[in-house]
Structures are given as C-alpha cells and as structure tokens.
Amino acid sequence: MKNIYHSDIYKFEKPVNSYWEDTEKDNFNLEKLIKDIKSEVVVIGGGYTGLSCAINLIENYNLDVILLEAGKVGWGASSRNGGFCSFPPTKTSFKNLQKIYGKEETKKFYKNSIEGSNYTKDIISNYNIECDVTGESNFILAHHPNKFKQIKEQAEVYKSEFGIETKIYSKEEFDRIGHGGTEQFGALSYKPGFGINPLKFVNGITRYALSKKLRIFEHTLVDKIDKVDSSYILRTKEGSVNTKKVVVATNGFYQEGLVPQMNSRILPVISNIIVTRKLTKNEIDSHNFKTFSPISNTKNLLYYYRKLKDNRILFGTRGDFIGSNQSNFERSKKMEKFLKNIFPNWSNVSIDYNWRGLIAMSLKLTPSIGKIENEEIYYSFGYHGVGVSSAPWAGKQLSKLVFSSNSKDLDISKIYKGLPKKFIFPRLRIFYFRLAVLFYNIKDKLNI
Ligand SMILES: Cc1cc2nc3c(=O)[nH]c(=O)nc-3n(C[C@H](O)[C@H](O)[C@H](O)COP(=O)(O)OP(=O)(O)OC[C@H]3O[C@@H](n4cnc5c(N)ncnc54)[C@H](O)[C@@H]3O)c2cc1C
C-alpha cells in the first residue's frame with residue numbers, strides 16, 4: 001500500500017502529542033491480531049465511522065463483527081480533531097449543491113446533516129460519555145467587513161430553506177458575547193452546535209462498543225485484502241480474518257492499494273491545530289473572549305478556534321503539504337502568527353501543543369457512503385473536516401447498507417451516495433491542492 005504524505009504522519013504505533021491526550025489517560029490496551037480467525041463482518045478503522053458502524057451492526061442486526069485498527073483505537077482524526085460539532089460536511093456552497101443535485105436533495109442533505117449533529121448529541125447521552133460538551137451553538141465569524149453581508153444572506157437561507165435556527169450579531173453585539181480582536185466584524189450563530197473533547201468522545205464510544213462485545217484488535221494494520229470464492233481474507237502482519245463483508249472506515253488515512261475501486265478518489269488533506277498555554281483572566285478579558293462555543297471564520301482557507309474549559313485557545317487551520325514532523329513544526333509557527341495577528345494582546349502567550357492529522361476530501365466535495373459494485377465491500381469517507389457530527393451518523397447509515405446489501409434501502413440524500421470521481425493523474429493530487437490553496441490565498445488576501 002502507498003502513502004501520499006511523508007511517513008511521519010503514518011506512525012500508527014504511538015498517538016500524536018495532542019492536548020487531548022493529556023486530558024485522558026485511559027488506554028484500552030486491546031490485543032493485536034496474531035492468528036487466523038473468522039467473522040461475518042470486518043470493519044477496518046477504529047474512528048467514529050468504524051465504531052459506530054460496528055455498534056449498529058451488533059445492536060440492530062445481531063451480527064458477528066470484528067474491528068481492526070492500525071494504531072490504538074481512535075488513533076486517527078477521531079481522537080485529535082478540534083471537537084467542533086458543526087455542519088454541513090461539505091466544501092461547497094448550498095447554491096452549488098442545488099445546481100448539481102436540485103433543491104430537494106440539497107434540503108435533504110441539510111436535514112441529514114442536522115440529524116448527524118443530533119445523533120452525536122444522542123450517543124453522548126445514551127452511551128453515558130463524559131466528553132466536556134461546551135457551548136450551545138456554532139459561530140461563523142465575518143473576518144472582514146465585506147463578509148458581513150455574506151453571513152447575513154447565509155443566515156436567511158439557513159432559516160428559510162433549511163429551517164435552521166440562526167441569529168445575526170453585529171460587530172458590537174458579538175464583542176459583548178463572543179470576542180473582540182482585529183478580524184471580528186460580526187457573526188452568525190446556528191444550532192445545533194457545540195464543542196467536545198474528541199478523545200473522550202471516541203473513548204466513550206469504544207467503551208460502549210466493548211460492552212456490546214465488539215471484538216477490537218489494536219495495532220493491527222490490514223495490508224491486503226484477498227478474495228477467495230465469495231469470502232475475503234484480510235491479511236495483517238501476524239494474522240488474518242476470513243469474512244463475508246468488509247467495511248472500509250479509514251477516511252483520510254486510507255492507503256492507496258487496499259481496495260482497487262477506491263484508489264485515486266480520496267484527497268487526504270493535513271489539518272493542523274495549536275493550543276496556547278492557559279490564559280489569565282486579564283488576558284482573556286483583554287480580547288473580551290467570553291464564549292465557549294466553536295467559531296470558524298469566513299476565510300476561504302478558514303481559521304477555526306475555541307476557548308477550552310481551562311482557558312486555553314485551540315486554533316486550527318489547513319496544514320502543510322509534506323507531512324513530516326519538521327513541516328508540522330514550521331506550520332505551527334506560522335499558525336501562531338495567524339492567531340496573534342487576530343488577537344494581538346496575546347503576543348507573549350506561548351504555545352503548549354501542536355499536532356496535525358488527515359481529513360479526507362474528494363472531487364465530490366461531500367461525503368461518500370456506499371457499496372463497491374459487485375463486491376461485499378462498503379465505505380464511508382470524505383467528511384471534508386466535518387466528521388464529529390457526520391461520521392458517527394454515517395457509520396449508522398452504513399450499517400443499514402451492510403445488513404441489506406442494497407443501496408436502494410438507504411433513505412438519505414443522494415448527495416452522500418456513491419463514490420466520487422477519480423482524480424486525473426492521481427499522483428498530482430497534492431499539486432492540484434497546492435494550486436487550489438494558492439488561488440484561495442489570493443482570494444483571502446483580497447477579501448473576496
Ligand atoms: C486536525 C484535525 C482537526 C479536525 N477538526 C474537526 C472538528 O473540529 N470538527 C469536525 O467535525 N471534524 C474535524 N476533523 C475531522 C474529523 O476528525 C474526521 O472527519 C473524523 O474523525 C473521521 O472519522 P473516521 O472514523 O472516518 O476516520 P479516522 O478517525 O481518521 O479513523 C480512521 C482509522 O483508520 C485506521 N486505519 C487506516 N488504515 C488502516 C488499515 N489499513 N488497517 C487498519 N486500520 C487502518 C487509522 O489508524 C484510523 O484510526 C478534524 C480532523 C483533523 C485531522
């Protein structure tokens with residue numbers, strides 16, 4: 001199998017040094033697969049998608065399921081994201097979606113996105129997960145006066161077309177309830193939306209899965225899938241599983257070669273996060289930073305940030321193009337500058353944590369849920385950096401498909417269904433992405 005980035009980013013054997021890892025010491029220390037076994041279904045990947053799919057297969061269909069995870073469970077993006085439960089999971093506008101799929105499918109897509117957010121909230125409660133839920137809505141912040149009109153229009157469409165609860169705040173109003181700084185020109189809030197500790201969330205889901213007798217093997221990377229008659233044999237370094245159905249839930253960490261039909265369709269993109277030291281009350285007050293709700297701004301290459309419960313600021317944006325530890329460090333230094341440009345009174349605040357991970361994008365610019373034609377191989381990926389609300393829900397939808405083997409049974413918007421197109425000259429994927437970033441950087445500089 002081939003990796004698209006530097007090998008530093010695929011070090012499955014240990015977790016990244018994230019802030020979250022310091023808040024949660026619980027490790028499951030589950031066994032590695034070292035023998036040849038059988039199961040009705042095998043799920044590859046132990047993040048929100050894989051775990052949710054496996055739990056639903058056991059609870060609703062009483063199937064025998066095994067989950068194989070290359071690192072510790074939750075090792076991928078699910079344990080190290082920003083913890084923003086936001087929506088929708090797309091990098092394109094509702095206008096574009098309407099043009100491509102029509103008004104009804106777009107409406108359904110937003111409806112499903114909201115269901116996703118509510119599903120995340122429901123499993124936090126139903127599985128008794130303590131994951132530090134904060135905030136009651138999400139904010140989209142106008143980073144330039146030009147953008148205020150855009151968020152006002154967005155609020156209007158969200159309300160009238162999709163029935164989403166929104167509210168608009170002028171610069172002065174947001175200063176009172178949100179924060180100040182040099183790039184704050186009003187905001188829009190929408191519900192549902194909240195922040196979580198993603199590691200506590202994925203660990204909570206894992207605990208629940210184990211209570212339902214899901215067999216999970218950690219440190220077990222699937223490096224080959226062979227088909228023998230109507231069965232699949234998933235081969236790992238020290239063992240194998242013989243199964244009738246395979247679920248691929250590897251999202252941005254998908255490695256080319258595992259499933260030929262999935263190759264060249266995913267663009268893994270690095271997303272980086274930095275977290276400051278704890279800020280004093282005076283420092284927080286100097287920018288009037290009141291809210292604990294997640295915030296993202298209107299830049300094309302957006303910044304996302306939130307105040308954590310111990311008064312640190314978590315700040316994220318797109319990562320570098322290489323994936324080495326060195327490029328990660330260099331990117332974190334740039335991000336520190338971005339943060340301090342918008343909050344200049346924090347120029348002396350040090351950064352305690354920086355890490356990164358992979359999100360999955362595709363030419364569809366929306367998630368992909370489905371079944372490989374003429375095979376019993378199922379997939380869900382491509383949440384475009386919005387997986388906290390969409391991946392657990394997508395895992396549940398996928399479980400219905402795995403059980404019935406018939407995608408017609410899946411009552412979700414067409415926007416989610418099926419594989420995205422392949423990239424032309426897939427080796428140039430990162431180069432294409434660089435060009436897109438260059439273009440959006442220019443747009444951001446011109447504030448358009
Ligand atoms: C830095 C960062 C910040 C983010 N912030 C947010 C946010 O604030 N809000 C939001 O909604 N989303 C955010 N996301 C995206 C979100 O985390 C993902 O969409 C979501 O976690 C995807 O879940 P998943 O289970 O599909 O994939 P992952 O959690 O990535 O899990 C895939 C798993 O597959 C395993 N795997 C891969 N190959 C194999 C193999 N061959 N054999 C066995 N196992 C394998 C990997 O080890 C990995 O654990 C962020 C992502 C990153 C990287």
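All values below come from the heavy atoms of this structure, side chains included, with hydrogens, waters and symmetry mates left out. Just follow the structure's listing: the first ligand is 1, and inside any ligand the first atom is 1. These figures come from a predicted structure and were not determined experimentally.
- Of the protein's heavy atoms, Thr49 OG1, 2.7 Å lies nearest to atom 26 (O) of ligand 1.
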Please determine whether ring pair (Phe, Tyr, Trp, His ring centres under 6.0 Å) holds for the pair Tyr303 and His143, giving the CA-CA distance in whole Å, both sets of side-chain angles, and the decisive distance to 0.1 Å. CA-CA 10 Å; Tyr303 296 165; His143 75 283; 8.0 Å; no

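- By the 3.5 Å distance cut-off applied to N or O atoms, Gly387 is counted among the residues near ligand 1.
- Of all atoms in ligand 1, listed by their number and element, those nearer than 4.0 Å to a heavy atom of Gly76 are 29 (O), 30 (O), 48 (C), 49 (O).
- For ligand 1 and Phe253, the ligand atoms under 4.0 Å from any heavy atom of the residue are 30 (O), 37 (C), 38 (N).
- Annotation: Lys422, atom NZ; neighbour count of heavy atoms from other residues, nucleotides and ligands within 6.0 Å is above 12.
- No N or O atom of Gly46 sits closer than 3.5 Å to an N or O atom of ligand 1.
- In summary, the side chains of Glu59 and Tyr61 do not present any donor paired with an acceptor at a separation below 3.5 Å, with no hydrogens or angles considered.
- The distance between the ring centers of Phe343 and Tyr305 falls below 6.0 angstrom.
- Checked against a 6.0 Å centroid threshold, the rings of Phe174 and His179 count as neighbours.
- With no hydrogens or angles considered, a side-chain donor-acceptor pair links Ser271 and Tyr304 at under 3.5 Å.
- Below 3.5 Å of separation, one finds no N or O of Arg356 facing any N or O of ligand 1.
- The protein heavy atom nearest to atom 44 (N) of ligand 1 is Ala70 N, 3.0 Å.
- Protein heavy atom in closest approach to atom 42 (N) of ligand 1: Val222 N, 2.9 Å.
- Donor-acceptor pairing under 3.5 Å is lacking for the side chains of Tyr353 and Glu21.
- Residue Leu68 approaches ligand 1 through these ligand atoms, each under 4.0 Å from one of its heavy atoms: 43 (C), 44 (N).
- Considering backbone and side-chain atoms together, Gly83 places an N or O closer than 3.5 Å to an N or O of ligand 1.
- Considering every non-hydrogen atom in both Val349 and Lys340, the closest pair reads O-NZ, 2.7 Å.
- Counting the atoms of ligand 1 from 1 in the order shown, those under 4.0 Å from a heavy atom of Gln255 are 38 (N), 41 (N).
- Where the criterion is an N or O separation shorter than 3.5 Å, residue side chain and backbone included, Ser86 fails it with respect to ligand 1.
- Checked against the 6.0 Å centroid criterion, the rings of Phe94 and Phe109 do not qualify as a close aromatic pair.
- Close approach to Asn251 involves these atoms of ligand 1, each under 4.0 Å from a residue heavy atom: 19 (O), 22 (C), 26 (O), 27 (O).
- From the protein, the heavy atom lying nearest to atom 49 (O) of ligand 1 is Glu69 OE1, 2.7 Å.
- Centroid-to-centroid, the aromatic rings of Trp355 and Tyr19 stay 6.0 Å apart or farther.
- Closest to atom 1 (C) of ligand 1 among all protein heavy atoms lies Ser271 O, 3.2 Å.
- Geometrically, ligand 1 and Phe12 share no nitrogen or oxygen pair separated by less than 3.5 Å.
- Atom 36 (N) of ligand 1 has Thr250 CG2, 3.7 Å as its closest protein atom, hydrogens excluded (heavy atom only).
- Residue contacts with ligand 1: Ala77 is placed with a nitrogen or oxygen under 3.5 Å of a nitrogen or oxygen of the ligand (distance criterion only).
- Among all protein heavy atoms, the one lying closest to atom 21 (O) of ligand 1 is Ser78 OG, 3.0 Å.
- Looking at Ile359 next to ligand 1, no N or O pair under 3.5 Å apart turns up.
- Remark: ligand 1 and Gly74 share no N or O pair separated by less than 3.5 Å (distance only, no angle test).
- The nearest heavy-atom contact from the protein to atom 32 (C) of ligand 1 is Ala249 O, 3.4 Å.
- When heavy-atom distances to ligand 1 are checked against a 4.0 Å cut-off, Val202 has no atom that comes that close, whether in backbone or side chain.
- Proximity of the aromatic rings of Tyr254 and Tyr379 is defined here by a centroid distance below 6.0 angstrom, and this criterion is not met.
- Within the 4.0 Å heavy-atom criterion, the part of Thr220 lying near ligand 1 is the backbone and not the side chain.
- A heavy-atom distance below 4.5 Å is found between the side chains of Phe201 and Tyr48.
- Counting the atoms of ligand 1 from 1 in the order shown, those under 4.0 Å from a heavy atom of Gly82 are 3 (C), 4 (C), 5 (N), 6 (C), 7 (C), 8 (O).
- Checking only distances, Asn81 does come within under 3.5 Å of ligand 1, N or O to N or O.
- Atoms of ligand 1 lying under 4.0 Å from any heavy atom of Gly357, numbered from 1 in the order shown and given with element: 53 (C).
- Ligand-side atoms of ligand 1 in range of Trp75: 47 (O), 49 (O), range being under 4.0 angstrom from any heavy atom.
- Residue contacts with ligand 1 for Tyr304 involve side-chain atoms from C-beta outward but no N, CA, C or O (heavy atoms, distance under 4.0 Å).
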What's the verdict on side-chain hydrogen bond (donor to acceptor under 3.5 Å, both in side chains) for Ser405 and Lys371, showing C-alpha distance, side-chain angles and the deciding distance? CA-CA 8 Å; Ser405 300; Lys371 171 182 183 296; 6.0 Å; no

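- A donor and an acceptor atom, one from each side chain of Asn56 and Asn60, are located under 3.5 Å apart.
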Under the side-chain hydrogen bond (donor to acceptor under 3.5 Å, both in side chains) criterion, do Thr317 and Asn272 qualify, and how do the steps go? CA-CA 6 Å; Thr317 187; Asn272 272 59; over 6 Å; no

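- Nearest heavy-atom pair, Val41 versus Val247, reported as atom, atom and distance to 0.1 Å: CG1-CG2, 4.0 Å.
- Side-chain contact annotation: Asp320 with Ser327, donor-acceptor N/O pair under 3.5 Å present.
- Residue Phe84 touches ligand 1 through backbone and side chain together, judged by heavy-atom distances below 4.0 Å.
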